[in-house]
**Q** 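Provided herewith is a single structure, encoded as structure tokens, for subsequent inquiry.
Position 1 is the first residue of the sequence; numbering continues from there. Only a predicted model underlies this, so the values are computations on that prediction, with no experimental measurement involved.
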Amino acid sequence: MYTIKAARKASKVIALEPENYKFLVKNVVMNGVADKVIALPVAADRYSYVDLYVKEFSGVHSLEDSKVCVEKVKVMTMGIDTLPKVLKIDRVDIVKIDVEGHENKVIKV
């Protein structure tokens with residue numbers, strides 16, 4: 001939902017979605033913003049592979065909170081500071097982060 005809204009206003013959106021990647025891509029295509037979205041099946045953190053705790057509801061999957069998870073899956077992670085370099089993007093105007101309690105590690109506070 002947020003990726004679609006952002007893509008309608010921005011020139012380019014990078015969306016990270018490690019667990020629901022297929023749904024994200026389908027939604028992007030269905031809403032006609034595929035030319036504005038770079039969707040990646042990774043989570044935000046330093047480069048690694050980590051456990052993602054999958055919950056019953058997709059909006060609350062987490063790298064941090066293993067309580068009440070229905071399954072655990074290995075996902076690739078990449079730092080948000082390295083993404084523009086890897087994708088050869090010179091300028092980033094806005095960063096929206098929704099990582100279910102993992103914010104400090106994503107922004108390295």
Side-chain angles (χ1 to χ4, degrees):
M1 174 175 72
Y2 294 110
T3 298
I4 303 306
K5 287 181 179 186
R8 289 188 174 139
K9 296 182 185 244
S11 59
K12 190 62 73 178
V13 174
I14 302 167
L16 308 182
E17 184 50 68
E19 178 61 17
N20 297 307
Y21 174 74
K22 291 178 185 177
F23 295 114
L24 171 64
V25 171
K26 183 178 179 180
N27 195 17
V28 163
V29 170
M30 286 175 44
N31 281 279
V33 293
D35 60 326
K36 296 176 114 187
V37 176
I38 300 170
L40 301 171
V42 301
D45 199 340
R46 62 183 169 72
Y47 179 74
S48 185
Y49 286 87
V50 299
D51 290 329
L52 175 72
Y53 299 103
V54 178
K55 308 294 178 75
E56 185 175 348
F57 301 104
S58 66
V60 292
H61 302 330
S62 175
L63 298 179
E64 292 291 320
D65 182 12
S66 63
K67 297 178 202 132
V68 197
C69 72
V70 293
E71 88 179 291
K72 183 171 62 168
V73 295
K74 282 277 186 218
V75 298
M76 180 180 172
T77 58
M78 184 177 285
I80 61 171
D81 57 334
T82 60
L83 279 170
K85 295 172 195 165
V86 169
L87 298 172
K88 296 182 171 64
I89 296 172
D90 295 327
R91 184 177 131 188
V92 176
D93 293 322
I94 298 172
V95 176
K96 182 219 177 272
I97 300 172
D98 180 7
V99 290
E100 302 302 321
H102 197 67
E103 292 80 6
N104 285 346
K105 290 183 180 172
V106 170
I107 58 175
K108 295 175 178 60
V109 172

**Q** Hey, what do you get for CG (Asp51) to NZ (Lys74), rounding to the nearest 0.5 Å?
**A**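 With rounding to 0.5 Å, CG (Asp51) is 4.0 Å from NZ (Lys74).
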
**Q** Distance-only, no hydrogens or angles: does the Lys26 side chain make a donor-acceptor pair with backbone N or O of Tyr21 under 3.5 Å?
**A**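 No, the answer is negative, given that no donor and acceptor are paired below the 3.5 Å cut-off.
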
**Q** If you measure from NZ on Lys36 to NZ on Lys9, what distance do you get to the nearest 0.5 Å?
**A**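 Between Lys36 NZ and Lys9 NZ, I get 10.5 Å after rounding to 0.5 Å.
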
**Q** Membership question, hydrophobic clusters at under 4.5 Å side-chain separation (ILVMFWY): are Val37 and Met30 in the same one?
**A**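 As far as the 4.5 Å side-chain criterion goes, Val37 and Met30 are not connected within one cluster.
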
**Q** State plainly whether one hydrophobic cluster holds both Leu24 and Tyr2, where clusters connect Ile, Leu, Val, Met, Phe, Trp and Tyr through side-chain heavy atoms under 4.5 angstrom apart.
**A**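 No, it is not one cluster - the side chains of Leu24 and Tyr2 are not joined through contacts under 4.5 Å.
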
**Q** Is there side-chain contact between Leu16 and Met78, with at least one heavy-atom pair below 4.5 Å?
**A**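 The answer is no; the side chains never approach within 4.5 Å.
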
**Q** Can you measure from CD1 (Ile38) to CG (Leu83) and round to the nearest 0.5 angstrom?
**A** 9.0 Å

**Q** Grab the two heavy atoms, one from Glu71 and one from Val73, that are nearest each other, plus how far apart they are.
**A** OE1-CG1, 3.5 Å

**Q** According to a hydrophobic-cluster definition based on side-chain heavy atoms being under 4.5 Å apart (Ile, Leu, Val, Met, Phe, Trp, Tyr only), do Val13 and Ile4 belong together?
**A**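 Looking at the clustering, Ile4 is in the same group as Val13.
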
**Q** Going by heavy atoms in the side chains, are Thr3 and Asn27 under 4.5 Å from each other?
**A**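 No. Closest side-chain heavy atoms not under 4.5 Å.
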
**Q** Contact between Val50 and Val75 at the side-chain level, heavy atoms closer than 4.5 Å - yes or no?
**A**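 The answer is yes, as the side chains (C-beta and beyond) meet within the 4.5 Å cut-off.
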
**Q** Between Leu87 and Val25, is there a shared hydrophobic cluster once you connect ILVMFWY residues whose side-chain heavy atoms come closer than 4.5 Å?
**A** no

**Q** Could you state the interatomic distance from CD1 (Ile80) to CZ (Arg46), rounded to the nearest 0.5 Å?
**A**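 Those atoms lie 15.0 Å apart.
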
**Q** For the residue pair Gly32 and Asp35, what are the closest heavy atoms and their distance?
**A** O-OD1, 4.0 Å

**Q** Can you list the steps and then say if Leu40 with Met76 is a side chain to side chain contact (heavy atoms under 4.5 Å, CB included)?
**A** CA-CA 10 Å; Leu40 301 171; Met76 180 180 172; over 6 Å; no

**Q** Same cluster or not: are Val86 and Val42 linked, directly or through other Ile, Leu, Val, Met, Phe, Trp or Tyr residues, by side-chain heavy atoms under 4.5 angstrom apart?
**A**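 Shared cluster, no.
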
**Q** Give a yes or no on whether the backbone of Thr77 and the side-chain of Ser48 come within a donor-acceptor separation of less than 3.5 Å.
**A**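 Side chain of Ser48 to backbone of Thr77: no pair is present.
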
